[in-house]
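Residue numbering restarts at 1 for every chain, and letters A, B, ... go by the order of the sequence lines.
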There are 2 protein chains.
Amino acid sequence: MPQSIPADSVGIITPQVATFDEPLKLRSGKTLQSYQLVYESYGTLNSDKSNAILICHALSGDHHAAGFHSLDDKKPGWWDACIGPGKVIDTNKFFVLCLNNLGGCHGSTGPTTLNPDTQKPYGSDFPMVRVRDWVESQARLADNLGIEKFAAVIGGSLGGMQALRWSIQYPERLHHAVVIASAPKLSAQNIAFNEVARNAIIKDPEFHDGHFLAKGVIPKTGLIQARMLAHLTYLSDDGLGEKFGRTMKNQEVNYNYAPEFQIESYLHYQGEKFSTTFDANTYLLMTKALDYFDPAQYTDHDLTQCLSVAQCKFLVVSFTTDWRFSPERSEEIVDALVAADKDVSYARIESEKGHDAFLLPIPRYIKLFGAYMTRITQELNL
Amino acid sequence: MPQSIPADSVGIITPQVATFDEPLKLRSGKTLQSYQLVYESYGTLNSDKSNAILICHALSGDHHAAGFHSLDDKKPGWWDACIGPGKVIDTNKFFVLCLNNLGGCHGSTGPTTLNPDTQKPYGSDFPMVRVRDWVESQARLADNLGIEKFAAVIGGSLGGMQALRWSIQYPERLHHAVVIASAPKLSAQNIAFNEVARNAIIKDPEFHDGHFLAKGVIPKTGLIQARMLAHLTYLSDDGLGEKFGRTMKNQEVNYNYAPEFQIESYLHYQGEKFSTTFDANTYLLMTKALDYFDPAQYTDHDLTQCLSVAQCKFLVVSFTTDWRFSPERSEEIVDALVAADKDVSYARIESEKGHDAFLLPIPRYIKLFGAYMTRITQELNL
């Protein structure tokens with residue numbers, strides 16, 4: 001529990017809900033007749049609505065990016081390190097918007113929502129959504145709030161893919177795209193890690209073809225297994241070595257299969273925690289959205305041509321020990337943007353924190369990201 | 001089926017079984033009263049028994065390193081690329097010995113063996129074995145065959161750890177140690193991958209605390225999951241990209257959770273195949289042997305001091321894209337050997353094949369490894 005709200009926090013935040021009754025035709029061909037999006041905002045939208053920032057979340061993220069829901073909250077939102085008064089994304093200047101993506105499990109319409117046709121949770125009947133569907137639904141939320149053009153669309157990992165998609169799907173609706181620890185498409189290895197995680201969930205006897213909620217159970221074992229694996233891949237060998245090394249829980253070797261190195265306990269703890277807060281179907285569909293993302297497939301696999309329609313400026317950031325989305329993957333984006341004659345800044349940040357680095361207050365990252373955001377305020381006279 | 005046995009094959013091989021009635025006290029404190037080791041040999045032991053090579057297998061390996069068991073065999077032994085007449089480990093010169101390690105599931109005493117006390121399979125009652133226990137049992141097999149000193153002890157991955165352990169446990173019993181794609185101990189990341197794989201097996205409802213055979217079932221789902229993950233980590237991002245990329249099974253996107261990228265089908269196939277031939281308890285205990293291996297823990301974590309007792313010469317080999325046991329891990333061994341004033345050759349081989357490279361006929365690797373083996377024949381007048 002925070003003794004008191006820190007001065008650089010956005011404070012106590014109440015999520016909002018927006019309801020959409022206009023049907024949304026998805027890339028898969030299916031249609032959602034109506035849906036809700038839960039979102040939070042920090043800072044004040046100015047009179048000409050020119051200071052709005054959209055934050056796009058990653059696989060396990062949600063709309064709660066900053067601040068606290070109550071004084072009892074043990075932890076602030078997932079990107080509190082970067083969002084707040086005087087912080088990198090300065091809420092004294094910007095109106096910051098973050099929503100739970102469609103198909104999520106934290107308040108937006110998704111697999112845990114009651115299907116109006118059956119009055120049971122959608123479960124695996126919830127249609128698969130793709131990054132472009134998220135961008136479409138985010139644009140509709142912007143419409144609702146009267147935001148014609150974002151000062152910036154910002155995201156890390158899967159969130160970075162959304163920012164990239166925004167730049168080609170609604171080129172006239174953003175001034176800047178900030179694409180952090182991301183990639184223009186998954187590699188075979190990326191897809192494979194997703195599939196191994198999915199397999200753990202789908203093969204859990206409590207998965208029941210995705211209709212576990214209707215049976216009053218969850219595929220907890222599979223979710224734990226999936227998260228243990230994914231979490232491990234978000235960290236680097238060096239970072240794990242520094243944090244855990246070969247430190248054991250006890251002095252003596254167990255000679256049994258209980259966790260005995262501290263890294264083992266840590267992963268079990270992370271898996272257990274995740275399994276109590278995240279929906280298995282949401283996990284599955286988010287990983288498929290990742291797998292499918294490949295905007296250059298529509299321009300004959302030419303990323304430069306794909307990005308040529310973009311009108312915004314770009315900041316691309318990568319982290320040296322991120323092996324899920326390595327710097328080379330960010331540099332593919334940068335190279336394509338340069339070839340397409342776009343305004344792009346790029347930073348490859350030294351860090352031993354792996355993919356998770358994008359969430360952390362690494363000094364050079366914060367300084368550089370902050371300088372870029374300041375440039376935006378100057379450019380837009382905010 | 002081979003149309004005919006290739007000229008450079010060791011031909012049709014019949015495994016042998018050695019029975020040991022002298023109790024083996026294990027590092028864990030437990031004792032095996034008696035046990036069997038299944039082994040194969042290729043080439044002819046010379047009269048002074050100076051031409052013997054011991055091959056140590058890795059996690060999923062066994063005693064069948066070369067040749068065929070019958071003309072119907074579709075594939076030869078696991079290291080046939082390197083063992084045979086005129087090959088790197090030349091059976092015209094050497095007598096090559098390879099055994100299934102204690103605790104294995106291919107004929108040596110292990111979890112699938114009947115426990116003489118209960119007349120049921122040992123299952124998880126089979127005691128955990130450590131690398132030093134394997135070395136001890138391998139030395140006893142050498143005693144049985146009258147081999148006092150090996151020309152070389154050779155292994156890749158976990159097999160390399162056995163070769164390294166030989167050099168300090170029986171320094172007077174080998175002329176050379178060949179340590180390929182190995183490490184002086186696992187990192188936190190290595191241990192974590194093992195634990196995630198173990199968790200998949202242990203949480204399979206068909207695991208039954210390791211006594212699944214007594215119930216007539218196997219934890220197939222968990223074994224598949226474990227192998228899919230492990231197999232993935234033995235390959236490199238680049239190698240997977242080259243072999244599979246984002247190639248899909250069908251032209252159109254599935255929008256369901258059936259495997260749709262070829263890499264997914266490939267992993268499922270590998271997992272399925274493994275689950276029909278490998279025992280889950282063996283998998284668990286082999287991964288624990290890996291986790292526990294850390295010979296320098298007995299010399300205050302000083303690897304140089306640990307290796308100072310070695311009397312043999314060393315060849316250490318690593319592969320550039322092996323991220324399970326990276327070149328840096330091999331170089332820790334090399335640096336310690338140099339500091340301990342040992343005779344060590346080292347090669348870092350360019351390859352996009354990841355950890356699996358050590359099994360493959362990569363030209364520079366084969367040439368260099370072959371040259372080293374030739375040096376042994378000259379040195380020992382074979």
Side-chain angles (χ1 to χ4, degrees), chain A residues 27-30 124 127-128 130 185-196 198-200 202-205 210 221-222 224-225 228-229 232 235-247 253 255-257 259-264 266-268 271 284 288 291-292 294 297 323 326, chain B residues 27-30 124 127-128 130 185-196 198-200 202-205 210 221-222 224-225 228-229 232 235-247 253 255-257 259-264 266-268 271 284 288 291-292 294 297 323 326:
Chain A
R27 177 70 177 87
S28 66
K30 296 201 173 165
S124 52
M128 281 200 191
R130 291 181 63 163
K185 64 186 177 204
L186 294 197
S187 69
Q189 188 191 60
N190 293 151
I191 293 169
F193 275 116
N194 281 345
E195 175 60 9
V196 175
R198 282 192 295 263
N199 189 59
I202 288 170
K203 295 292 164 57
D204 186 321
T221 304
I224 291 175
Q225 175 74 15
M228 286 174 75
L229 170 57
L232 174 55
L235 306 170
S236 76
D237 194 18
D238 285 354
L240 287 165
E242 196 168 292
K243 187 165 176 184
F244 299 103
R246 293 178 55 86
T247 310
V253 170
Y255 292 115
N256 64 37
Y257 296 113
E260 67 182 312
F261 291 90
Q262 287 193 356
I263 175 63
E264 297 174 84
Y266 170 78
L267 278 187
H268 280 279
L284 295 176
K288 286 301 271 189
D291 289 4
Y292 288 146
D294 181 11
Q297 72 187 286
W323 59 277
S326 71
Chain B
R27 177 70 177 87
S28 65
K30 297 202 172 164
S124 52
M128 280 199 191
R130 290 180 63 161
K185 64 187 177 202
L186 294 198
S187 69
Q189 188 191 60
N190 293 151
I191 294 169
F193 275 116
N194 281 345
E195 175 61 8
V196 175
R198 281 192 295 264
N199 189 60
I202 288 170
K203 296 292 165 57
D204 186 321
T221 304
I224 291 175
Q225 176 74 15
M228 285 174 75
L229 170 57
L232 174 54
L235 306 170
S236 76
D237 194 18
D238 285 354
L240 288 166
E242 198 168 291
K243 186 164 176 184
F244 300 102
R246 294 178 55 86
T247 310
V253 170
Y255 293 115
N256 64 37
Y257 296 113
E260 66 183 315
F261 290 92
Q262 287 193 356
I263 175 63
E264 298 174 85
Y266 170 77
L267 278 187
H268 280 279
L284 295 175
K288 286 302 272 189
D291 288 4
Y292 288 147
D294 181 11
Q297 72 188 286
W323 58 276
S326 72

Of the listed residues (Leu232(A), Thr221(A), Asn190(A)), which shares the most heavy-atom pairs with chain B below a 4.5 Å separation?
Leu232(A)
Can you tell which part of Leu267(B) gets under 4.5 Å to a heavy atom of chain A, answering side chain, backbone, both or neither?
side chain
Is it the side chain or the backbone of Ile202(B) that comes within 4.5 Å of chain A heavy atoms, both, or neither?
side chain
d(Asn256(A) CG, Lys288(B) NZ) to nearest 0.5 Å is 7.0 Å
Side chain from CB out, backbone as N, CA, C, O: work out which of these in Tyr266(B) comes under 4.5 Å of a heavy atom of chain A, or both, or neither.
neither
Chain B contact via Leu284(A) - side chain, backbone, both or neither, heavy atoms under 4.5 Å
both
Please flag which part of Ile263(B) lies under 4.5 Å from any non-hydrogen atom of chain A: side chain, backbone, both or neither.
side chain
What's the shortest heavy-atom distance between Pro205(B) and Pro205(A), and which atoms?
CG-CG, 3.7 Å
Going from CD on Gln225(A) to CD on Gln225(B), what distance comes out if it is rounded to the nearest 0.5 angstrom?
5.0 Å
Of the listed Lys185(B), Arg130(B), Met128(B), the one with the largest count of heavy-atom pairs under 4.5 Å with chain A is Met128(B)
Interface moiety of Lys243(A) toward chain B, non-hydrogen atoms closer than 4.5 Å
neither
Under 3.5 Å donor-acceptor, Tyr292(B) side chain and Tyr255(A) backbone:
yes
Contact origin within Ser28(B) toward chain A - heavy atom pairs under 4.5 Å:
both
Check each atom of Asp204(B) against the heavy atoms of chain A and say whether the ones under 4.5 Å are side chain, backbone, both or neither.
neither
Arg27(B) versus chain A, the contacting section by heavy-atom distance below 4.5 Å
both
Closest heavy-atom pair and its distance - Gly245(B), Ala188(A):
O-CB, 3.3 Å
Most chain B-contacting option - heavy-atom pairs closer than 4.5 Å, from Glu264(A), Met228(A), Arg198(A), Lys30(A):
Glu264(A)
Criterion side-chain contact (heavy atoms from CB on, under 4.5 Å) on His268(A) and Asn199(B), from CA distance to verdict:
CA-CA 9 Å; His268(A) 280 279; Asn199(B) 189 60; 3.3 Å; yes
Let me know if Phe261(B) has heavy atoms under 4.5 Å from chain A in its side chain, its backbone, both or neither.
side chain
Among Arg246(A), Gln297(A), Glu195(A), residue most engaged with chain B (heavy-atom pairs, under 4.5 Å):
Arg246(A)
